[in-house]
Protein chains: 2
Amino acid sequence: MATIQDVAKAAGVSAMTVSNVINGHPNVRPATRDRVLAAMTRLDYRVNVAARNLRKGRTGTIGLAVPEVNRPYYGRLAAAIIAAAGRHGLRVSIEQTGARREDELAALSLSRNRLYDGLILCTVGMGQADVEALEVDHPVVILGERIFGGPVDHVAMPNEAASEAATRHLLERGCRRVALVCGRLDGEVDVSSLRHAGYLRALTGAGLAADPELVVTAESLTMREAARHLRGKVADGLDFDGVFCVTDTVAMGVLRALADAGIRVPEQVRVIGFDNVDESAYLVPSLSTVDPDHDLMAERAVALLAARVDRAGPGPGREEFVGPFRLVVRESTGG
Amino acid sequence: MATIQDVAKAAGVSAMTVSNVINGHPNVRPATRDRVLAAMTRLDYRVNVAARNLRKGRTGTIGLAVPEVNRPYYGRLAAAIIAAAGRHGLRVSIEQTGARREDELAALSLSRNRLYDGLILCTVGMGQADVEALEVDHPVVILGERIFGGPVDHVAMPNEAASEAATRHLLERGCRRVALVCGRLDGEVDVSSLRHAGYLRALTGAGLAADPELVVTAESLTMREAARHLRGKVADGLDFDGVFCVTDTVAMGVLRALADAGIRVPEQVRVIGFDNVDESAYLVPSLSTVDPDHDLMAERAVALLAARVDRAGPGPGREEFVGPFRLVVRESTGG
DNA sequence: AAGATCGGTTGTATCGATAAAAAGCTGCCA
DNA sequence: TGGCAGCTTTTTATCGATACAACCGATCTT
C-alpha cells in the first residue's frame with residue numbers, strides 16, 4: 001500500500017508538498033500539484049487515517065450511544081444523526097447500550113479513549129444522580145431526558161408541551177376519561193414522567209380531575225409490555241374513552257390490545273402516540289401522533305458537538321435546545 | 001492527557017513495560033504490574049487508539065454499509081451486527097448508502113482508506129456488473145442479494161426456498177389466486193427477482209399457472225409504493241385471494257391498501273410477508289411472515305469478516321452462507 | 001543595486017504506541 | 001566460580017502524516 005513518501009518520491013517532491021496538495025493548502029504551484037495528483041492516481045494512494053488522526057489528535061468519528069438501533073425511534077434518530085454528521089464531515093460509530101446505565105457510562109469512557117472526537121449520548125439508564133459522570137474533558141451532547149442541568153450541551157424533546165397538546169387533542173375530540181400508557185414513574189425526569197406531567201396539565205387545563213386509575217405503567221416501553229398491561233386494565237373493567245401513549249411503539253401495543261378486546265378505534269376509544277415513526281401512517285387504523293422533528297434535533301445535536309470539537313476546549317456555557325413539535329391527526333383519533 | 005510515557009515515568013519503568021501490562025503480556029513481574037496499574041489509575045491513563053492503530057495497522061472498527069438504519073429490516077440487521085461485532089471485539093461505523101450504487105461504491109473505497117479493518121456491505125444499488133469493484137485488497141463481506149459469485153465472502157437469505165414456502169403456505173390455506181407484491185424485476189439477482197422465482201416455483205409445484213396479472217411491481221419496496229400499487233390493482237378489479245409480499249414493510253403497505261378497499265384479511269384475502277420485523281406480531285391483523293434468523297446471519301457475516309481481518313491476507317477461497325428460515329403463521333393467513 | 005517580501009518547497013521533529021532485539025538479572029548446575 | 005538458561009526489562013526503530021521553521025529563488029521597493 002502506497003504511503004505519502006512513495007507518492008513524494010514518484011512525483012519528485014517532498015512528502016510535505018504531497019501533504020499540502022492533499023489538504024488543499026494554497027501556495028502549491030499548479031504544475032507541482034498536477035504532478036503530485038498524477039502520482040497519487042498512478043500509485044492508487046489513500047491517506048492512512050490512523051496516522052493522520054495521531055498527528056492531528058482527531059479521529060473524524062463521533063460516537064452515538066443509543067439503547068438499540070432496532071427500536072423505531074432510535075433507528076429514526078440514528079439515521080438522522082448519521083446523515084447530519086455526514087454533512088459535518090464526521091462519521092458515526094454506534095454503541096448499543098441496551099438502555100443499561102453501566103453501558104451508557106462505558107460509552108462515556110470509550111469516548112475518553114480518544115476513540116471518538118465526541119459523543120452523542122441518549123441517556124435512558126443513567127439518571128440525574130450520574131451528572132458528575134459527565135464532567136469529562138471531551139465533547140458530549142446529551143440527547144433525551146433523564147439528565148437536566150448537566151455540564152454538557154443538551155438536546156431535548158418538547159415533552160411536556162407536546163404531551164399536553166396530544167392529550168388536549170383527545171379532550172377536544174370529546175374524550176372525558178383519557179388513559180395514559182407509560183413506563184415506570186420513578187421520580188426521575190424520564191420520558192414517562194415528563195409526558196405524564198404534560199398529560200396532567202392538559203387535564204387540569206380542561207378542568208378535569210386526574211384519576212390515578214387511568215395511568216397504566218408498563219415495565220418497559222415495548223409493544224409487548226404495553227399490550228400486556230392494557231389488556232390487564234381492560235380485563236379489570238377500566239372505563240376509558242381515550243389513550244395517550246408515551247411512544248408510538250407503546251401505541252402499537254395498545255392498538256393490538258384494544259383489537260383483542262374487541263374495542264373499536266376511534267369509535268369507542270381514541271388513541272394518540274408520540275414520535276411519528278414511519279409505520280404510524282400505515283397502521284390500521286392509522287395512528288395520530290406527535291411529530292417532534294427528529295431531523296432538526298439530530299442536526300442540532302451534531303452541530304453542538306461539532307462546534308465543541310472544533311473549539312477543542314471547554315467553550316462557552318452549556319446550551320439547552322428543545323425541539324419544536326407538530327400534531328399529526330390521523331384515524332385513531334377520528335381525524 | 002497522560003501518555004504511556006507519563007505512566008512509565010510515574011511507575012519508574014519503561015514505556016514498553018507499560019505496554020506489556022496493558023496488553024496482558026506474560027513475563028511481567030506481579031510487583032511491576034501492580035506499580036504500573038497503580039500509576040495508570042493515578043494518572044487516569046487511556047490508550048491513544050490512533051497511535052495504536054497506526055502501529056498495529058488495525059483500527060478495531062468495521063464498516064457497515066446499509067441503505068438506511070431507519071428501515072425496519074436494516075435496523076434489525078444493524079442491531080444484530082453491532083452486537084455480533086461487539087462479541088468479536090470490534091466496533092461498527094455505519095455508512096448510509098440510501099440504496100444508491102455510487103454510495104455503495106464509495107463505502108467500498110472508504111474502507112480502503114484503512115478507516116475500517118473491513119466492510120460488511122449490503123448491496124442494494126450495485127449489481128452483478130459491479131463485481132470487479134469487489135476486487136479489493138481488504139476484507140469485505142457481502143450481505144444480501146444482487147451480487148453472487150463475487151470474489152468475497154457472501155451471506156445471503158434463503159430467498160427462493162423461503163418464498164416458495166411462504167407462497168405454498170397460502171396455497172395450503174386454500175388460496176388459488178395468489179398475488180405477489182415486489183419491486184422491479186430488472187433481471188438482476190435482486191430481492192424481488194429471487195423471491196419471485198420462489199413464488200413461481202410454489203405455483204408450479206401446486207400445478208397452478210402463473211398469471212402475470214397477479215405480479216404487482218412497485219417502484220420501491222416502501223409502504224407507500226406498495227400501498228399505491230395495490231390500490232391501483234384493486235381499483236382495476238384484480239381478482240385475488242392471497243398476497244405474498246416480498247418484505248414485511250411492503251406487507252404493511254398492502255394491509256393498509258386492503259383496509260382502504262374494505263377487503264377483510266384473512267377472510268377475503270390472506271397476506272404473508274418476509275423478514276419478521278418486530279412490528280409484525282402486533283399489527284392488526286398480525287402478519288404471517290418468514291423469519292430468516294437475522295442474528296445468525298449477522299453473526300456469520302461478522303465471523304467471516306473477522307476471520308479475514310485476523311488472517312490479514314487473501315485467505316482461502318470465498319465462502320457462501322445461506323441462512324435458515326422459519327415460517328411464522330399469524331392472523332393474516334388465518335393462523 | 002541592495003534589501004525586503006513573498007510564494008513555493010523541504011528538512012526535522014513529533015504525535016503515542018508497539019515489535020523486535022538487546023541487555024540485565026536471577027538462580028542453578030557443573 | 002564460571003557459564004548458561006530463562007525470566008524481566010529496556011533500547012531502538014518504526015508505523016504515516018503533518019506542524020513548524022528554515023530555506024531558496026524570484027519579484028518588488030526605494
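Sequence lines set the chain letters: A, B, ... in the order given, protein chains first and strands last, and positions in each chain run from 1. This is a predicted model, so every value here is computed, not measured.
With hydrogens and angles disregarded, no donor-acceptor distance shorter than 3.5 Å links the side chain of B/T97 to the backbone of B/A65. Side-chain atoms of B/E320 do not come within 3.5 Å of backbone N or O of B/V155 as any donor-acceptor pair.
Listed pair A/T17 / C/dT9 fails the phosphate criterion, with no side-chain N or O lying under 4.0 Å from OP1 or OP2.
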Checklist entry - Could you run down nucleotides 13-19 of chain C 5' to 3' and tag each one B, S or - for protein heavy-atom contact under 4.0 Å? => result BBBBBBB
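Between A/R318 and A/D153 no salt bridge is recorded (no basic side-chain N to carboxylate O distance below 4.0 Å). A salt bridge links A/R46 with A/D44: at least one charged nitrogen is closer than 4.0 Å to a carboxylate oxygen. Using a 4.0 Å cut-off between charged side-chain N and carboxylate O, A/R101 and A/D103 make no salt bridge.
Computed from C1' positions of five pairs at each end, the angle between the two local axes of the helix from C/dA1-D/dT30 to C/dA30-D/dT1 equals 60°, rounded to 10 degrees.
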Atom pairs and distances, donor-acceptor, side-chain atoms in residues 293-304 of chain B, under 3.5 Å, two or more places apart:
| unit_1 | atom_1 | unit_2 | atom_2 | d |
| --- | --- | --- | --- | --- |
| B/D293 | OD1 | B/L296 | N | 3.1 |
| B/H294 | NE2 | B/D275 | O | 3.3 |
| B/E299 | OE1 | B/R87 | NE | 3.4 |
| B/E299 | OE1 | B/R87 | NH2 | 2.9 |
| B/E299 | OE2 | B/H88 | NE2 | 3.0 |
| B/R300 | NH2 | B/E319 | OE2 | 2.7 |

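Checking B/D117 against B/T59 by side-chain atom types alone, a donor-acceptor pair falls below 3.5 Å.
Contacts between residues 26-37 of chain B and DNA chain D, defined by a heavy-atom separation below 4.0 Å, involve B/N27, B/V28, B/R29, B/T32, listed by number.
For B/F148, the ring pair (Phe, Tyr, Trp, His ring centres under 6.0 Å) partners two or more places apart in sequence, or in a different chain, are B/H154.
Among residues at least two apart or in separate chains, side-chain hydrogen bond (donor to acceptor under 3.5 Å, both in side chains) pairs with a member in residues 61-86 of chain A are A/N70-B/D278.
Using a 4.5 Å heavy-atom cutoff, the side chains of A/I94 and B/V92 are not in contact.
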